[in-house]
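Before any comments, here is the structure.
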Amino acid sequence: MATLTKKDIKLTRTETSKLSTVDFNNLAFGQVFSDHMLTCDYKDGKWQLPEIVPYSPITLDPSAKIFHYGQSIFEGMKAYKDSNNDVFMFRPLENVKRLNISAKRLAIPEVPEDYFLEGLKALLEVEKDWIPTNEGSSLYIRPFIFASGKGFHASPADEYKFIICTAPSGAYFSGKVNVLIEETYSRSANGGVGFAKAGGNYAGQFYPTQLAKAKGYQQVIWTDDTTHEFIEEAGAMNVFIRINDTLLTSPVSDRILDGITRKSILQLAEAEGIKTEVRKVKVSELVEASKNGSLKEMFGAGTAAVISPISGFGFRGEDFEIPEQDQSFASQLKQRIINIQTNKTEDPFGWRVKL
Ligand code: PLP
Ligand code: COI
């Protein structure tokens with residue numbers, strides 16, 4: 001099959017740009033959206049050519065299967081601009097591959113990699129001016145696919161929409177992140193869809209997270225669904241734990257998202273001479289480490305959250321504070337990854353992709 005190129009992607013420009021109405025110095029996360037979006041339809045058994053159109057609402061039939069059976073997946077990525085106005089993406093191929101892993105699990109047709117990658121590049125060319133340059137801000141990119149095909153039959157749809165839209169964004173968390181270790185509810189189960197970025201995984205977390213928020217925590221730390229003894233991941237992040245000078249994180253499984261930030265941190269830490277261990281961590285080990293002072297740090301890692309230090313955790317009605325470290329692994333690794341993402345340093349790993 002011939003590779004899609006930029007000229008195959010029809011562009012319809014907006015007549016009224018919203019760019020001048022946006023305060024780039026006060027960006028929340030994912031609240032304002034750029035002028036255009038990429039859209040691509042699956043029908044008649046194949047993905048049609050993608051197009052770039054003005055950002056606008058979508059009309060769907062009330063029987064569209066997304067509304068009833070939740071066939072919906074998404075990705076999260078970011079674009080950055082350096083001081084020369086050059087634009088960079090971070091490991092975009094990883095997002096394409098993961099989108100298609102999610103697609104397969106949700107019985108959604110896989111998107112050709114070049115439709116995603118060439119489509120995204122063409123969109124970023126058009127939306128270049130929407131990429132923030134202030135420290136801590138970036139253009140958050142949200143590729144997603146959902147079932148637009150009609151019918152109440154509980155089976156995969158025959159039509160889908162693949163859309164990429166973008167939102168100039170600031171930090172995901174506005175303050176300290178205090179987490180609750182969850183033992184009653186589960187995010188995912190063996191054989192389930194936890195490893196996929198399926199919309200339903202997030203819907204299922206909202207209620208337990210609301211309960212945790214009412215108690216003063218920002219996120220839930222999920223434990224394994226069988227024993228609730230092992231730490232798995234947070235609502236929108238993988239979790240790292242520093243005990244003494246070793247950085248620990250759970251292995252990924254069919255219950256845990258294979259985070260791109262997580263795997264980048266593991267490689268970066270190794271390059272920085274930080275000892276890492278990918279192994280299951282018991283909640284009891286975390287509690288014990290907190291009590292004996294060997295728990296030095298805990299942080300979440302994800303595209304939206306980057307690296308977000310965790311200030312404390314709640315478990316069985318008790319709160320455990322994590323004291324701030326002067327030279328934390330979290331700040332060291334965060335600076336390293338941001339410097340690579342924003343073209344401030346060499347990229348020995350080949351992660352940065354220039355537009
Ligand atoms: N875990 C969950 C449940 C997430 O939603 C995310 C965010 O994408 C992550 C982990 C981190 O993944 P990544 O680093 O690829 O963004
Ligand atoms: C991301 O980090 O990009 C995500 O998709 C997490 C999301 C829940 C904001």
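Owing to the predicted nature of the structure, the values given are computational and were not obtained by experimental measurement. Atoms within each ligand, like the ligands themselves, are counted from 1 in listed order.
- The closest donor-acceptor contact from the side chain of Asn201 to the backbone of Ala196 lies under 3.5 Å.
- Of the N and O atoms on the side chains of Ser328 and Ser331, at least one donor lies less than 3.5 Å from an acceptor on the other residue.
- A salt bridge is absent between Asp258 and Arg98; no separation between the charged side-chain nitrogens and carboxylate oxygens falls under 4.0 Å.
- The contact shell of ligand 2, taken as protein residues with any non-hydrogen atom closer than 4.0 angstrom, comprises Phe74, Gly76, Tyr140, Arg142, Tyr172, Lys197, Tyr202, Ala236, Thr303, Ala304.
- Qualifying salt bridge (charged side-chain N to carboxylate O under 4.0 Å, His left out) partners for Glu270, counting only residues two or more places apart in sequence or in other chains: none.
- A side chain to side chain contact (heavy atoms under 4.5 Å, CB included) with Ile241 holds for exactly one of Thr249, Val281, Ile310, Thr246; it is Val281.
- A donor-acceptor contact shorter than 3.5 Å links the side chain of Ser102 to the backbone of Lys197.
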I'd like a table of donor-acceptor pairs (distance under 3.5 Å, sequence neighbours excluded) in which one partner is a side-chain atom from residues 44-54, with atom names and distances.
from: Trp47; atom 1: NE1; to: Glu110; atom 2: O; distance (Å): 2.9
from: Gln48; atom 1: NE2; to: Lys43; atom 2: O; distance (Å): 3.0
from: Gln48; atom 1: NE2; to: Lys46; atom 2: O; distance (Å): 3.1

What does the N/O contact table under 3.5 Å look like for ligand 1?
from: ligand 1; atom 1: 1 (N); to: Glu233; atom 2: OE1; distance (Å): 2.5
from: ligand 1; atom 1: 5 (O); to: Lys197; atom 2: NZ; distance (Å): 3.3
from: ligand 1; atom 1: 5 (O); to: Tyr202; atom 2: OH; distance (Å): 2.4
from: ligand 1; atom 1: 8 (O); to: Lys197; atom 2: NZ; distance (Å): 2.6
from: ligand 1; atom 1: 14 (O); to: Ile260; atom 2: N; distance (Å): 3.2
from: ligand 1; atom 1: 14 (O); to: Thr261; atom 2: N; distance (Å): 2.8
from: ligand 1; atom 1: 14 (O); to: Thr261; atom 2: OG1; distance (Å): 2.5
from: ligand 1; atom 1: 15 (O); to: Arg98; atom 2: NH1; distance (Å): 2.7
from: ligand 1; atom 1: 15 (O); to: Arg98; atom 2: NH2; distance (Å): 3.1
from: ligand 1; atom 1: 15 (O); to: Ile260; atom 2: N; distance (Å): 2.7
from: ligand 1; atom 1: 16 (O); to: Thr303; atom 2: N; distance (Å): 2.9
from: ligand 1; atom 1: 16 (O); to: Thr303; atom 2: OG1; distance (Å): 2.6

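- For the pair Lys78 and Tyr140, the cation-pi test (distance below 6.0 Å, angle within 45°) is failed.
- A salt bridge links Glu233 with Arg187: the distance from a Lys NZ or Arg NE/NH1/NH2 to an Asp or Glu carboxylate oxygen falls below 4.0 Å.
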